Amino acid sequence: MNDIKIFEDVEKYLADGRISSAFSILDNAIIAYPALQQFAGELERMRRDYGYMSTYALQGLPDPGLSASRAEIAEGIRSLVDAMTRQVKLKDAPSLYFNTLRYELASPADTVTNLVGEYRKVVQKLSLAALTEDPAHASREFATRAEQLERRLFNRVWTVYPFSGADDASLREAMEDRSLPTYFKSLMVSAVFMGLMEQYDERRMMLLMDTYASAEDADVQVRALCALLVGLWMYRSRNMSARLRHRLEALKEMPGWRSDVRTATMQYVRSRDTERITRKFNEEVIPEMMKLRPEIEKLKDKPMDPDAMDENPEWAEMLEKSGVADRLKELQELQEDGGDVMMATFSKLKTFPFFNDMANWFLPFHSSHTQISAPDQPEISSLVEIMGNAPMFCDNDKYSVALSLSQIPAAQRDMMMSQLRMQSEQLDAVRMAGMGGRNPGREELAANYVRNLYRFFKLFRRKGEFTDPFAIGLNIPATPALSGEFDDPDTLMVIAEFYFKRGYYADALEAFGRLAGMSAPSSAISQKMGYCQQSLGNIPEALRHYEEAEMLDSTSRWTMRRLAWCHRMLGDWEKALYYYNRLAEDRPDDVNLALNIGLSLVKLRRYDEALQYLFKAEFYCSGSEKATRALAWCTLLGGDFERCVKYTATLLASASPRPNDYINAGHLSLLTGHPGEAVDHYQEAIKELGGDVDRFLSIISEDKLTVPAFGSVDPDLLAIVTDAATHRK
């Protein structure tokens, strides 16, 4: 909608309740774009309904349905804007969506109903191909045709809007048809979802809900739910119709609904960490491994298999010393916690032509696909078959590996087969022990699908043309329609702690806020909410939460430190000093506390008291530049120039004086009657500031107000000194 400037104020007007102004914008749009004339009738109908409603309300007559009627009209305007925007873009928008849409509109006979009917016939022929004279050729011919139709149906379902009753009925019938493969049904769920991502469509939302409720296959169910959750979040500000609300309420009565929602949500929550894991792998692990190449060359003739490590510990020792072992261990822990550690590896394997077709990113892995099946190469076929059950790979990662097999040397293929077979057997044992049989659990299915989605939105060659839900803070627990599904403290705590630990402070704050509203007051929750606000730069709010935490636990040193810091940031040095003194009661020899108390006293212009603490800090931490710098500043402010000379000289003689050290030295020279030296020091400061004269002059202006002795300096002399310092010869 933002691409069409004429519509850009509609949402703002609707949010402000200015429905008449929104109608005016749509009137202007119809005048500006003749192609929108087809919407004039619908616009006039909505305007008439709004007029009747307004007239009734302005007469002062009671109308219990007023709120619902206004919301319905506003939602109708939003839908009309969607349709009008789509129509304007249809002419020449260059995106993949509109290119595909124009192709589909050029083939009006290829309706969803007709394509599903043709696909059903091809699938039947494929199942009978084994009875023909040339079964291999016939199977491949029909399989190729089936794949073509799958892609056509994906594109049709993705782009058709609005989703008509006939389209809906045909797709529902296909979903219930046991003769059609499960992977096809899962693919259609993704097509519905991607169409929903382009434009809000209540019929698509309803189809996803019903598919979740009635699909016989767990994978189809879970994918429908994962898609629905994103749809509910993406359109959380849209007014949900009574029909849709009632259907959602019915889903909430299903026995497994809440468990499934939480399971799928946790996969989306974990996906937030994928970028960080990938960055760690690419920026830390791989570079460190590359540094080890010379050492590896020295050991290349020695055994590398894990079983030989005990006999030859040089490999393990080398990894330990390099730090790679620690990073690999961290990645393993992230994987055990559900993190997607495969993204870094498989992001490089998405350049095959297979991935140029959008539908293939959502296609469940099946070894019979013509681009990976190799009946004339049994070793590859076996590996593809085994890989189909490998839980550590999502579908499009499996396709990546399968497409790469022909390029991998036979020895490496054999090693892969051995490892995958062993992992597959271990997985089967775990599943059987859990009484779940050999089929993957719903958590595994949800993780697989979320990773498929993540890879598409991050790696597809035309990804920039799509709204990426993972990039705009996907936070399903914050969806109003789903608030009741996360109303238990245990679930919310897991989500909140995940966000908090990984630095997603806005989302963590929202989750902790809900936790605080449903459980007894907790010092820990208040602390974490304070830290979230602090990290987001909201210091007053951080202070409020830290004060709550202190009321609940007045002995927490962590809380006191944060309170002191907040008061410092807000300029309340008296209160900061109060908390530093409390912290120092049982740690009188703490150097940092002595420094902070001293600096607080300096800010309060209690210089003699400040010196006592700064001397203590210097005594306990001899040679500390931090203490020396504080003493230099305090003695300058207090007018003790004799001592200030000593501390300033120490700083200037250090390995790396700071710009402020030179500026303070300049102040000292000026105040002790040596303006020429002041110029030299100021010029050094400007040099350390990278030549930023404006920054230098700003510091001088601030210090003129801060350093009491500056009042005795002749303003004309100061002007001459700063002019000389800033003049470049």
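Owing to the predicted nature of the structure, the values given are computational and were not obtained by experimental measurement. The first residue of the sequence shown is numbered 1, and numbering continues consecutively from there.
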Pair [X]-[Y], side-chain donor/acceptor within less than 3.5 Å:
| X | Y | result |
| --- | --- | --- |
| R442 | Q221 | yes |
| N99 | R102 | yes |
| N448 | D395 | yes |
| D219 | S186 | yes |
| Y103 | T159 | no |

What about the rings of [X] and [Y], do their centers lie closer together than 6.0 Å?
| X | Y | answer |
| --- | --- | --- |
| F193 | F362 | no |
| H369 | Y183 | no |
| F393 | F346 | yes |

Looking at [Y] and [X], is any side-chain nitrogen of the basic one under 4.0 Å from a carboxylate oxygen of the acidic one?
| X | Y | result |
| --- | --- | --- |
| R451 | D397 | no |
| D487 | R258 | yes |
| D177 | R120 | yes |
| D82 | R86 | no |
| R156 | D167 | no |
| D273 | R276 | yes |

So which atom in [X] and which in [Y] form the shortest heavy-atom distance, rounded to 0.1 Å?
| X | Y | answer |
| --- | --- | --- |
| I472 | W233 | O-CH2, 3.3 Å |
| L96 | E465 | N-OE1, 2.6 Å |
| M518 | D488 | SD-C, 4.0 Å |
| V261 | T265 | O-OG1, 2.7 Å |
| S367 | S373 | O-CB, 3.6 Å |
| L36 | I30 | O-CG1, 3.8 Å |

Within 6.0 angstrom of K252 NZ, more than 12 heavy atoms from elsewhere: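 Yes, enclosed.
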Neighbour count above 12 (heavy atom, 6.0 Å) for R48 CZ: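 It does: R48 CZ has more than 12 such atoms within range.
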Side-chain heavy-atom pair Y97, M194 within 4.5 angstrom cut-off: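 Side chain of Y97 against side chain of M194, heavy atoms only: no contact under 4.5 Å found.
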Sub-4.5 Å side-chain heavy-atom contact between Y56 and M53: no
To the nearest 0.5 angstrom, please state how far the [atom1] atom of [X] sits from the [atom2] atom of [Y].
| X | Y | atom1 | atom2 | result |
| --- | --- | --- | --- | --- |
| E141 | L126 | CD | CG | 10.5 Å |
| Q267 | I476 | CD | CD1 | 10.5 Å |
| F355 | R461 | CZ | CZ | 13.0 Å |

Whether W158 and F466 hold their rings parallel, tilted or perpendicular, with breakpoints at 30° and 60°: parallel
Ring geometry between Y499 and Y504 (parallel below 30°, tilted from 30 to 60°, perpendicular above 60°):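 Ring orientation, 0 to 90° scale: perpendicular.
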Cation-pi geometry met for R203 and F163 (6.0 Å, 45°):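 Geometry flag: not set, cation outside 6.0 Å or 45°.
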Matching residue for D357 among R152, R151, R462 - test: salt bridge (charged side-chain N to carboxylate O under 4.0 Å, His left out):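 That would be R151; it is the only one of R152, R151, R462 passing the salt bridge (charged side-chain N to carboxylate O under 4.0 Å, His left out) with D357.
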